[in-house]
Amino acid sequence: MKLVNNKEIDKAGRLVISKDIRNHLNIHENDILLIEADDHQIIIKKAQNSCIFCNSNDNLTEFKGKFICQKCKSEINL
């Protein structure tokens, strides 16, 4: 399903993502969004969970709303 909205950027440079798009992409308050830009477009995606230290997406454990991979966790436990 493709959802399309036309939105105006406010004076502070903010853009509101509509509720129907947030619901469709399962985006919630405090989620991290990845913003990419090239010469012709801006792409906004929901960021995948990743380790707060090395950005790995493998073998993640959540602790107090943050994620850490097994490798970094074992290095911390030295």
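These numbers come from a predicted model, not from an experiment. For this chain, numbers begin at 1 and follow the sequence in order.
- A 4.5 Å side-chain heavy-atom check between Phe53 and Ile76 finds at least one atom pair inside the cut-off.
- Here the CZ atom belonging to Phe63 is positioned 9.5 Å from the CD1 atom belonging to Ile52, to the nearest 0.5 angstrom.
- How far CD1 of Ile43 is from CG of Leu33: 13.5 Å, rounded to the nearest 0.5 Å.
- When hydrophobic clusters are built by joining Ile, Leu, Val, Met, Phe, Trp and Tyr residues whose side-chain heavy atoms come closer than 4.5 Å, directly or via intermediates, Ile35 is not grouped with Val16.
- Residues Ile21 and Asn5 meet the side-chain proximity criterion, which asks for heavy atoms closer than 4.5 Å.
- When side chains are defined from C-beta on, Leu34 does not count as touching Lys46, because their heavy atoms never get closer than 4.5 Å.
- His28 and Asn30 form no side-chain donor-acceptor contact under 3.5 Å, judged by distance and modelled atom types alone.
- Between Asn49 and Asn57, the closest side-chain pair of non-hydrogen atoms is not below 4.5 Å.
- Rounded to the nearest 0.5 Å, atoms NZ (Lys71) and SG (Cys51) are 10.0 Å apart.
- The two residues Cys69 and Asp58 come nearest to each other via the heavy atoms CB-O, 3.5 Å.
- Summarising the geometry, atom OG belonging to Ser50 is positioned 12.0 Å from atom CD1 belonging to Ile68; distances are rounded to the nearest 0.5 Å.
- By the neighbour-count criterion of 12 heavy atoms within 6.0 Å, atom CD of Glu62 is densely surrounded, having more than that number from other residues, nucleotides or ligands.
- With rounding to the nearest 0.5 Å, the separation of CG in Leu3 from OG in Ser18 is 7.5 Å.
- If you take CD on Glu75 and SG on Cys54, they are separated by 8.0 Å, rounding to the nearest 0.5 Å.
- For the pair Ile17/Leu25, no side-chain contact is recorded, criterion being any heavy-atom separation below 4.5 Å from C-beta on.
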Should Lys45 and Glu36 be marked as a side-chain contact (heavy atoms from CB on, under 4.5 Å) after you check the CA-CA gap, both sets of side-chain angles, and the distance that decides it?
CA-CA 8 Å; Lys45 301 186 239 183; Glu36 300 174 344; 3.9 Å; yes

